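As structure tokens, the structure follows; a few thoughts come after it.
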Amino acid sequence: MDIATMISRADQLWVSRRDELVRKTQNKQREIVQDSASRGMIHSSTLILSLAELHTEDLRNAAPSAWDILMETHRAMGADTTPETRAAMKSWMAQRISELKGSASAQIEGDLNQYGSRL
């Protein structure tokens with residue numbers, strides 16, 4: 001199995017899936033913010049907690065999605081189980097999880113700065 005090709009294909013599929021997940025999260029975030037604004041709670045701890053929960057839940061859902069992409073790609077390319085392939089897969093997942101955690105943390109921090117500045 002060509003590990004570099006497998007990782008490249010997984011990367012391409014992940015970019016598409018990640019973009020889809022980001023769009024869904026942005027839509028959910030807009031709904032939460034609009035709902036809070038309509039109730040006069042745009043700068044409330046409830047809004048911040050709801051947004052933090054959204055980003056945390058998205059992280060929980062995105063990691064298994066990345067794993068599914070990696071496994072589907074691995075199976076499609078022959079499901080090689082050499083130590084090198086396993087190490088590459090572990091590394092790929094560790095990178096995705098790190099990116100997802102960083103993104104969720106940045107989103108939560110941004111929301112806190114934007115909506116929590118008056119708390």
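Keep in mind that what you see is a predicted model, and the values were worked out from it rather than measured.
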**Report entry** Residues that I42 engages under side chain to side chain contact (heavy atoms under 4.5 Å, CB included), provided they are two or more places apart
**Finding:** V33, A37, L47, Y115
Query raised in the report: According to a 4.5 Å side-chain heavy-atom criterion applied to Ile, Leu, Val, Met, Phe, Trp and Tyr, with indirect links allowed, do L70 and I3 form part of one hydrophobic cluster?
Result: yes
Query raised in the report: Rounded to the nearest 0.5 Å, how far does CD1 of I48 lie from CG of N113?
Result: 9.5 Å
Report task. Using side chain to side chain contact (heavy atoms under 4.5 Å, CB included) as the criterion, list what pairs up with N61, not counting sequence neighbours. Result -> E57
Query raised in the report: What residues form a side-chain hydrogen bond (donor to acceptor under 3.5 Å, both in side chains) with T25, not counting sequence neighbours?
Result: D58
Would you give me the side-chain donor-acceptor pairs under 3.5 Å for residues 99-108, sequence neighbours excluded?
residue: E99; atom: OE1; partner: R96; partner atom: NE; Å: 3.3
residue: E99; atom: OE2; partner: R96; partner atom: NH2; Å: 3.0
residue: S105; atom: OG; partner: K101; partner atom: O; Å: 3.0

Requested in this report: Quick one: closest heavy-atom pair of L51 and Q29, and the distance?
Outcome: CD2-CG, 3.5 Å
Requested in this report: Would you name the heavy atoms of Q114 and H43 that are closest together and state the gap between them?
Outcome: O-CE1, 3.7 Å
Requested in this report: Over all heavy atoms of both residues, which pair between I69 and A10 is shortest? Give the atoms and the distance, please.
Outcome: CG2-O, 3.7 Å
Query raised in the report: For the hydrophobic clusters of this structure (ILVMFWY residues joined by side-chain heavy atoms under 4.5 Å, transitively), does one cluster hold both L49 and I32?
Result: no
Report task. Check whether any side-chain heavy atom of H55 lies under 4.5 Å from a side-chain heavy atom of L59, and answer yes or no. Result -> no
Report task. Would you mind listing every salt bridge (charged side-chain N to carboxylate O under 4.0 Å, His left out) that reaches into residues 30-41, with sequence neighbours excluded? Result -> D35-R39
Using atom types as modelled, flag every donor-acceptor pair under 3.5 Å from a side chain in residues 14-22 to any protein atom, sequence neighbours excluded.
residue: R17; atom: NH1; partner: S65; partner atom: OG; Å: 2.7
residue: E20; atom: OE2; partner: K24; partner atom: NZ; Å: 3.4

Requested in this report: Just jot down the side chain to side chain contact (heavy atoms under 4.5 Å, CB included) partners of T5, sequence neighbours excluded, or say none.
Outcome: D2, R9, M77
Query - Contact list for residues 64-84, test salt bridge (charged side-chain N to carboxylate O under 4.0 Å, His left out), sequence neighbours left out - result: none
Query - Expected output: side-chain S50 to main-chain T46 donor-acceptor under 3.5 Å - result: yes
**Report entry** Reported NZ-to-CZ distance for the pair K28 and R23, which is rounded to 0.5 angstrom
**Finding:** 13.5 Å
Query raised in the report: Backbone N or O of A4 within a donor-acceptor pair of the S8 side chain at under 3.5 Å?
Result: no
Query raised in the report: Taking everything shown except E53 itself, do over 12 heavy atoms lie less than 6.0 Å from its CD?
Result: no
Query raised in the report: Nearest 0.5 Å, what's the CG-CG distance between L54 and D111?
Result: 8.5 Å
Query - Audit row: I7, D11, side-chain contact (heavy atoms from CB on, under 4.5 Å) steps and yes/no - result: CA-CA 6 Å; I7 295 300; D11 283 340; 3.8 Å; yes
